[in-house]
Protein chains: 2
Amino acid sequence: MSSTIKVLLAEDQSMVREALAALLGLEDDIEVVAQVARGDEVLAAAREHGVDVALLDIEMPGCTGIEAAAEVHRELPAVKLVVLTTFGRPGYLRSAMEAGADAFLVKDAPAAQLAEAVRKVLAGERVIDPTLAAAALAEGANPLTDREREVLRTAADGSTNAELARTLHLSQGTVRNYLSTAIQKLAVRNRAEAVRTAREKGWL
Amino acid sequence: MSSTIKVLLAEDQSMVREALAALLGLEDDIEVVAQVARGDEVLAAAREHGVDVALLDIEMPGCTGIEAAAEVHRELPAVKLVVLTTFGRPGYLRSAMEAGADAFLVKDAPAAQLAEAVRKVLAGERVIDPTLAAAALAEGANPLTDREREVLRTAADGSTNAELARTLHLSQGTVRNYLSTAIQKLAVRNRAEAVRTAREKGWL
DNA sequence: GGCGCCGTATGACATCTGTCATCCGGCAGT
DNA sequence: ACTGCCGGATGACAGATGTCATACGGCGCC
């Protein structure tokens, strides 16, 4: 092929983002043509710069890299999507794949895999850590209903039932019911553990 | 000056670590001579490679970058210490300074500040974000006693009072007393919020 | 020596949380 | 039309959690 691969880099921590750009800049066939720090700037930047590959961190302000991936996949289906994350949570992998991601990398994988993944997705390959894929399959799908997840997410900061009821426009009893079923589904013993394990699995 | 600045890079996520190495590698006067992924490997590597500056992430397995900084400061006082962290928690800044750090950088600062900080600490300067310094001073010192902190830390994963009592070899009542005083000192309304705010301030 | 703080403990009390049974309306399958 | 699931709600109950008063030994400070 003639020209270089045009890459968009989305990552909120500028030091990490620019460092990754420096890393990719060492490759002859790759060029970082756009950098954004927020999830909700990804689509516009991808469109504007006509990128070949978007490299998306999950944890970002605005919207998550997974939501951004879904947007780009819908609007610019030709753009290949590499999701990059700190946390190798099986639930993340699952959501990323459902959002149309072509590759899923964790940040503690060797740096060489980054450029490699970029080239592979452009060649039509999918890049997924096999161990993580196995874990995602083994753990099954998210058992929580939308409301349960929402209540759990809202409860994560330590809010009391009364506050949850108020913010979610529910009765206190209903809040307790949702938390109770969530606790049972996750096989834990209180809301704090429920938040913890739901987070770990990427179900929040 | 004649030779290059020898830098040790300690960061657990290899992709980020190698990316930072690539970034520093672009500077003519800086050379990354050692990379480690664990806090407890920092001292040995620093000694072995005779580094000028150690660049330490806080969140690492083995021991934290702050603990590693304290070790290096004690054993190799000539080595300059740059602490790098994802979270700009005032309490972290305070602990880092007490551990003998010369610079404190957050990862969402511009990448250019990294090389700059390396050069400055070598010149005897201290590099601290003024906003963060102000926050650290404004918030005052950690009001929690050792035991309160320990109980809170242990309670962070959602353990019940009975479990806390067992793991910490305390009576359940004592556990509740500690949590109660911690909750009051942090001006919150339950243990979950206490854990949250203590974490945010870097007091855990 | 007295004062204050820390670590530890107990008991009593009020409130919060988690569980369970039960109910209703809506909506998707079969 | 029947069944099952989801969102939503109530009431009752048991157990967990948070508060408070009180106590004791140890340690540091003045």
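Worth saying up front: this structure is predicted, and the values here are computed from it rather than measured. Sequence lines set the chain letters: A, B, ... in the order given, protein chains first and strands last, and positions in each chain run from 1.
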Take the protein atom [atom1] of [X] and the nucleotide atom [atom2] of [N], then report the distance between them rounded to whole Å.
X: A/Leu144; N: D/dC5; atom1: CG; atom2: C1'; answer: 15 Å
X: B/Leu170; N: C/dC6; atom1: CG; atom2: P; answer: 16 Å
X: B/Gln184; N: D/dA21; atom1: CD; atom2: P; answer: 10 Å
X: B/Asn177; N: D/dT22; atom1: CG; atom2: P; answer: 14 Å
X: B/Glu148; N: D/dT19; atom1: CD; atom2: P; answer: 13 Å
X: B/Arg189; N: C/dA14; atom1: CZ; atom2: P; answer: 21 Å
X: B/Leu152; N: C/dG7; atom1: CG; atom2: P; answer: 14 Å
X: A/Asp146; N: D/dG8; atom1: CG; atom2: P; answer: 10 Å

I need the B/Thr197 OG1 to B/Glu200 CD distance, nearest 0.5 Å.
7.0 Å
Note, A/Glu59 side chain near A/Tyr92 side chain (heavy atom, < 4.5 Å):
yes
Under 4.0 Å, heavy atoms only, any strand: does A/Thr174 hit a base, just the sugar-phosphate, or nothing?
base
So what does B/Arg176 touch, heavy atoms closer than 4.0 Å: a base, only the sugar-phosphate, or nothing?
base
Taking D/dA9, C/dT19, D/dG18 as options, the one with an atom nearest any side-chain atom of B/Ser180 is D/dG18
Of the listed nucleotides (D/dA9, D/dT19, C/dG18), which one gets closest to any side-chain atom of A/Leu179?
C/dG18
Axis-to-axis angle across the helix from C/dG1-D/dC30 to C/dT30-D/dA1, five pairs each end, nearest 10 degrees, ~ 40°
